[in-house]
Structures are given as structure tokens and as C-alpha cells.
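Here's the structure we're looking at; comments come further down.
Counting starts at 1 for both ligands and their atoms, following the listed order.
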Amino acid sequence: MKVLSYDVAVIGGGPAGLAAAQTAKENGAQRVIIVERDTALGGILQQCIHPGFGLTYFKEELTGPEYAARFEEKALAAGVDKLLDAMVLEVGKSALLCSTTEGLVRVEYKSAVLAMGCRERTRGNIRIPGTRPAGIFTAGAAQRLINRQNLMVGKQVVILGSGDIGMIMARRLTLEGAQVKAVVEIMPYLAGLTRNRVQCLDDFGIPLLLSHTVTRIVGKERVEGVYVAAVDENKRPISETEEFFPCDTLLLSVGLLPENELSKGAGVKMCPVTNGPVVNQLSRLPFRRFSPPVTSSTSTTLPTTFRWRAP
Ligand SMILES: Cc1cc2nc3c(=O)[nH]c(=O)nc-3n(C[C@H](O)[C@H](O)[C@H](O)COP(=O)(O)OP(=O)(O)OC[C@H]3O[C@@H](n4cnc5c(N)ncnc54)[C@H](O)[C@@H]3O)c2cc1C
């Protein structure tokens, strides 16, 4: 098995991993590598082709891929190595990964940064009753299919969840020629930004149904429609209000779950509030200092999900 040796191994090449790798370099780590399972760096932002990124950091409006590319350029210019198409299987004193080109590889490191991002909650997580036809996607899966793979997901769509991803996808689907029948939100208030409600729903005449939920999915091979009902103050559907919305696609935008598998496998303590690892800005775990030492101003800029030193 090939063995690589680094000062810092960053797992996950999204914006957090890219920034962490670059910051490690800037703070004196000699050899830094990013290991990413995708074929490109950038993480989720590769599929966020809408503008609105970079206003704070770069003082200009960029799309997600443009923003990620800027960070990639900076990290690679700083001398960070990358290993793409390589899935990390376990972390501990070293990381074991499976690379498409190299096979099984062990990466030895002095410190590891876990920056694996999140995954979306699925139908299974929220337990919507009904049949199990094709045409049910998480908003992010639909976003990836449309924006990265040029594949359309449906023609008549209902979206469950008024988070930013759901609203952005309502606009995206409309621009691609689909009819978005409604965005349905169980809470009595919007989950995402008001700006996105205005720009993604109101500007396109897409109805937002607050205090409503999808009660049932109908369809054999493909989704044929969903039942939507108002909910009471305990979020229980009010059956007399149930209404059928014919559609061929249901998008779920119902929250994110941290990618915890590697962290749990490494014995990292989990936080019951965030469901992710216990983190803080001033880790009490011993954090290896490289030369020059990490100053308080630079250490607070580390947007890492978790910093962990190999025991
Ligand atoms: C569908 C979706 C849409 C979003 N849209 C927006 C938006 O419009 N604007 C916004 O500000 N934020 C958006 N977000 C939030 C966005 O994810 C974060 O702002 C940002 O991408 C988080 O960066 P990250 O580096 O922590 O995670 P990510 O960008 O998710 O990057 C994590 C990386 O780790 C890799 N990885 C995970 N596990 C492994 C492993 N075992 N081995 C190797 N690599 C691994 C993944 O492939 C991924 O590239 C969105 C999130 C989702 C899920």
C-alpha cells in the first residue's frame, strides 16, 4: 500500500477544507494535503451557480464555483497538495483512503482537519407516508443534477421546506421551464432568508404555504401528486384542509446532517445540540503549533469543522 507523509491532512476539499489547508500553510506547516472524494475541489459550492458569494471576503459578487476557484487557486499557490477522487475510509493516527488512481493509500500526518461538510435529510429522515415512486429528490441532489450534470429532474414540482436551498431551487426549476406549484413549510415562518423569498419565490409568483406540510405521496412508478394539509400549533396535520397537488416531482429541503462517520470512528465526542462534533474556537485539545506559531488573530480565521491532533 502506498504511504504518504504530511504535517497536516485536510479531509474534504470544500470551502472549509480549502481555507484550513491554506491557513495551515501560512502558519508554517511544510507539507499539507487535501483529500477529496469528488473529482474537483470546492465542495457543495460547485453546484451553487447562483451569485451572492464573495461579497464579504473578496468584496465582489461571485457564483459558488467562482468563489471556490479563488480559494483553490490561493491554496494551491501556497503549495498545498491535493488528492482527488479519493474517499477517506477511516481516520485515527493516520488516514486510510481509497483512490481511483492509487488504490488503497495510507496518509500519515501530525494533525488532521476534518472538513467533510453535511448531507441532506431525506424522506426516510422525516418519514412521509405514501408510496415510493421515482421523482423524490433532496433539493441538493436536484441542484447537482441540473447544475453540474445538465439533467432536468421534473416538470411539475412541489417543494417541502422553505430553507434557502429549497427557495433557490424553486427559482432554478422555474428558469429551466418547470412549474413549481408551491413551497410548503411546516413552521409558521420562513426557514431561509427573506431576500431569497423575494428573489426566488415572490418574483416568480411561486406560492409559499406556511404552517402546511406534505401528508402523503401518491404515485406508482413516478410521483403523481402529493397531499398537502395545514398543521395545527402542535404541527399535526388538520385533515379537513388536505388538498391534492398533482405533480411529478417532490423536492425535499428539510435540513442538513453533519457527515459524522469519520469523526465517530475516530472517537470524537459528539454534541447533542448540533449533532456534529463538539467544537470551539480555542480547542482544549493540544493543537500542534508550527513555526511561526499560530496567533490568536489567525487561529480564529480557521473555519475548520474540527481540529484534531493525532494522539
Ligand atoms: C445542497 C446545498 C446547497 C447549499 N447552497 C448554499 C448556498 O447557496 N450558499 C451558501 O452560502 N451555502 C450553501 N450551502 C451550505 C454550504 O454547504 C456551505 O456554505 C459550504 O459548502 C460548507 O463548506 P464545507 O467545506 O464545510 O462543506 P462542503 O462544501 O460540503 O465540502 C465538504 C467536502 O468534503 C468531501 N468529503 C466528505 N466526506 C469525505 C470523505 N470521507 N473523503 C473525502 N472527501 C470527503 C465532500 O465531497 C465535499 O467536497 C449549501 C449546502 C447544501 C447541502
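- A search for side-chain contact (heavy atoms from CB on, under 4.5 Å) contacts involving Glu72 returns Leu18, Leu41, Leu76, Lys82, not counting sequence neighbours.
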Next item on the list: Could you please spell out the steps behind the side chain to side chain donor-acceptor pair (under 3.5 Å) verdict for Asn125 and Thr122?
Entry: CA-CA 5 Å; Asn125 294 118; Thr122 62; 3.1 Å; yes
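- Taking every heavy atom of Phe53 and a limit of under 4.0 angstrom, the matching atoms of ligand 1 come to 7 (C), 8 (O), 9 (N), 10 (C), 11 (O).
- Among the atoms of Ile44, some N or O lies under 3.5 angstrom from an N or O of ligand 1.
- Contact atoms of ligand 1 toward Gly140: 1 (C) (distance under 4.0 Å to a heavy atom of the residue).
- Side-chain contact of Arg222 with Thr249: a donor-acceptor pair under 3.5 Å is present, judged by distance alone.
- Here side chain to side chain donor-acceptor pair (under 3.5 Å) pairs that include residues 207-219, with residues two or more places apart or in two chains, are Thr215-Glu242.
- Taking only nitrogen or oxygen atoms, main chain and side chain alike, Glu36 reaches within less than 3.5 Å of ligand 1.
- Between Gln143 and ligand 1, no N or O atom pair is found at a separation short of 3.5 Å.
- Residue-level proximity to ligand 1 for Cys48 is carried by the side chain, the only part with a heavy atom below 4.0 angstrom.
- Here Leu256 has side-chain heavy atoms under 4.0 Å from ligand 1, and that is the only part of it that gets that close.
- Residue contact annotation: Ala139 has no non-hydrogen atom under 4.0 Å from ligand 1.
- With no hydrogens or angles considered, no side-chain donor-acceptor pair links Glu26 and Thr23 at under 3.5 Å.
- A distance below 6.0 Å separates the ring centres of Tyr227 and Phe244.
- Annotation: Ile165 places no N or O atom under 3.5 Å from an N or O atom of ligand 1; distance criterion only.
- Close approach of ligand 1 to Leu262 is summarised as follows: ligand atoms under 4.0 Å from at least one heavy atom of the residue are 41 (N).
- Of the possible polar contacts, none joining the Ser99 side chain to the Ala86 backbone as a donor-acceptor pair under 3.5 Å is found.
- Arg119 has a carboxylate O that lies under 4.0 Å from a charged side-chain N of Glu261, or vice versa, which qualifies the two as a salt bridge.
- Taking the six-membered ring wherever Trp is involved, the centroid distance between the rings of Phe71 and Tyr57 falls below 6.0 Å.
- With atom 32 (C) of ligand 1 as the reference point, the heavy atom nearest to it among Cys98, Ala115, Gly12, Gly43 is part of Ala115.
- Distances between N or O atoms of His50 and those of ligand 1 include at least one value under 3.5 Å.
- When each of Gln47, Gln46, His50, Arg172 is checked for a side-chain hydrogen bond (donor to acceptor under 3.5 Å, both in side chains) with Asn147, only Arg172 meets the rule.
- In terms of N/O distances under 3.5 Å, ligand 1 is not approached by Ile11.
- No N or O atom of Leu45 sits closer than 3.5 Å to an N or O atom of ligand 1.
- Within the 4.0 Å heavy-atom shell around ligand 1 one does not find Ala141.
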